[in-house]
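Throughout, protein chains are lettered first and strands after them, A, B, ... in sequence-line order, and every chain is numbered starting at 1.
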2 protein chains.
Amino acid sequence: MLERHILKLQARAPVLAEYEQALGELISETRDYAADQIVVPAYVEQVHSTLLLEGFMCRYKDLADGRRQITQVHVPGDFVDLHSFTLKYLDQDVMTLTPVKVALFPHEGLRQVTERYPALARIYWFNTNLDAAIHREWELSLGRRKARARIAMLLSELQVRLGIVGLGDDAGFDFPLTQVEIGECTGLTNVHVNRTVRELREAGVAELRRGRADILDKAALWREAEFDPRYLYLQKRER
Amino acid sequence: MLERHILKLQARAPVLAEYEQALGELISETRDYAADQIVVPAYVEQVHSTLLLEGFMCRYKDLADGRRQITQVHVPGDFVDLHSFTLKYLDQDVMTLTPVKVALFPHEGLRQVTERYPALARIYWFNTNLDAAIHREWELSLGRRKARARIAMLLSELQVRLGIVGLGDDAGFDFPLTQVEIGECTGLTNVHVNRTVRELREAGVAELRRGRADILDKAALWREAEFDPRYLYLQKRER
DNA sequence: CGCCCAATTGAAGACGCTCAAGGCTTGTGG
DNA sequence: CCACAAGCCTTGAGCGTCTTCAATTGGGCG
């Protein structure tokens, strides 16, 4: 059940079989949710963290007028709210983008296992930092990249992150976000997303249709985005 | 020397006198830098983390054409690159905005002290999460807030963060960023920052001049920004 | 006094937004 | 099996926020 999570961790550090077993035993429950459901509401105390097993989820913040900013997209293998282990409540909502399957990890169990295996605690601390690094790259996109580059960036990042967990390759990946949601990730309106997606298609860079992203020219995509994957910290090393 | 750092930590969790002493003993060196100097270059392996004692610093990423996005502003008491302890190298540059004084903490010493005091490790893990929470609020600003709200947000956040470490009050705070730098925080050009700052002044909300931010109407400033300080996690509790 | 950097202002233009309408796909029910 | 509804995608037109380019003003410091 944890294969994808372990793949994600292993992309950055060695993971002992022991950890995988200990983690598996922590799971208190698995749940299924439909699309567009809030799974972890903001400002509510949490007693467990949620690992995404299948499907797509996101975290977002919004303004009074309802305009929404997605701050992170989650793929299978990600903890969607590991930070609730440390922060207790979240400063944002976590919702599903597609139907999903998740596993719940009680914080008390996480506390025990991270005390028993300090190396695992370091791995999760590292993951918190990785999360922040992705936020920073998004800040750069939102603040300084133009529309084409923002969308190219999003596609580049997701291609790499999905590839790690076996859900994508150089040709592309399943990508169920609507154009409204892509706009909520990139700080654009759906109308402008639509026009920009068309530009990328007409330039032979990438093609988006109904739940699928085809990467036609990965080098061009990376160039368009000025994508430098070092912020994803993919070299495996001791942490 | 660590008073401001301890004030920052104490705003979120109890800090034992023991920790303060142990931390103080870790400092290998203090250094002074002039303004506009890179202190921690991106993608270079680090063996210590840097605590800001006096002055302002920032972290930023930039694009090929030189346009820069500041991803975080640091005030005295902040670790500017605590994440290098876990990540080893940074995905961004860290520079000074004013002349500063910093203290260096060797990673080896941090490793020892966090192993000796697991509660301190949790406090720093928490701080990593706080850092990410601030990044998320900035993502919301950059993606969805209008120019006035972005600048109001920046001022609101800094007023709170500086207040915690005794460097500001309800009337305002010393704020040495140039309008170019404010633009680099908020994803705007210096020209538009200038016009927006004028609007805030004419609306009687806040006044910026030569190194000082006067908050004329804090309630109006918070309203303008839709500022909700919960993302700064200021309730003190066990971590 | 004069230099330098930051702040300020004006004018024109671009990128992305808003509003509005129409088209396509998918699923559902008769 | 077809009709229809719902949701998403697509396109057009006009507009607004913010940018770009350029020039001027103001303040601090040697």
(request) Rounded to the nearest angstrom, tell me the gap between atom NE2 in His192(A) and atom P in dT11(D). (result) 15 Å

(message) One thing to verify: whether Arg144(B) and Asp62(A) come together as a salt bridge, which I'm taking to mean a side-chain N less than 4.0 angstrom from a carboxylate O.
(response) no

(message) Quick check for you: name the first and last nucleotides of DNA chain C, 5' to 3', having an atom under 4.0 Å from a heavy atom of chain A.
(response) dG16(C) to dT26(C)

(message) Under 4.0 Å, heavy atoms only, any strand: does Gly187(A) hit a base, just the sugar-phosphate, or nothing?
(response) sugar-phosphate

(request) Could you tell me how the ring of His5(B) sits relative to the ring of Phe79(B): parallel (under 30°), tilted (30 to 60°) or perpendicular (over 60°)? (result) perpendicular

(message) Filter on salt bridge (Lys or Arg N to Asp or Glu O under 4.0 Å), then keep only pairs touching residues 69-85 of chain B, sequence neighbours left out; what's left?
(response) Lys8(B)-Asp78(B), Asp78(B)-Arg161(B)

Look for any protein N or O under 3.5 Å of an N or O in nucleotides 21-30 of chain D and output each such pair with its distance, or none.
none

(message) Testing the 3.5 Å rule here: is there a donor-acceptor pair between the side chains of Trp138(A) and Glu157(A)?
(response) yes

(request) By nearest nucleotide on DNA chain D, pick out whichever of Leu208(A) and Lys146(A) is the more 5' one. (result) Leu208(A)

(request) Write down the distance between CZ (Arg144(A)) and C1' (dT19(D)), rounded to a whole number of angstrom. (result) 11 Å

(request) Give a yes/no answer on whether the side chain of Asn194(A) brings an N or O atom under 4.0 Å of OP1 or OP2 in dT10(D). (result) yes

(message) With a 4.5 Å cut-off on side-chain heavy atoms, are Tyr233(B) and Asp91(A) touching?
(response) yes

(request) Mind checking Gly183(A) for me? I need base, sugar-phosphate or nothing, with any heavy atom below 4.0 Å counting as a touch. (result) nothing

(request) Considering only NZ, NE, NH1 and NH2 on the basic side and carboxylate oxygens on the acidic side, decide whether Glu137(B) and Arg145(B) come within less than 4.0 Å. (result) yes

(request) May I ask you to decide if Glu184(A)'s main-chain N or O and Arg68(A)'s side chain share a donor-acceptor pair within less than 3.5 Å? (result) no

(request) Rounded to the nearest angstrom, tell me the gap between atom CG in Leu177(A) and atom P in dG7(D). (result) 18 Å

(message) Parallel, tilted or perpendicular, judged at 30° and 60°: which one describes the rings of Tyr43(A) and Tyr89(A)?
(response) tilted

(message) In whole Å, I'd like the distance from the CZ atom of Arg198(A) to the P atom of dT10(D).
(response) 9 Å

(message) Just so I know, are the side chains of Phe227(B) and Met153(B) near enough to count as touching, which here means a heavy-atom distance under 4.5 Å?
(response) yes

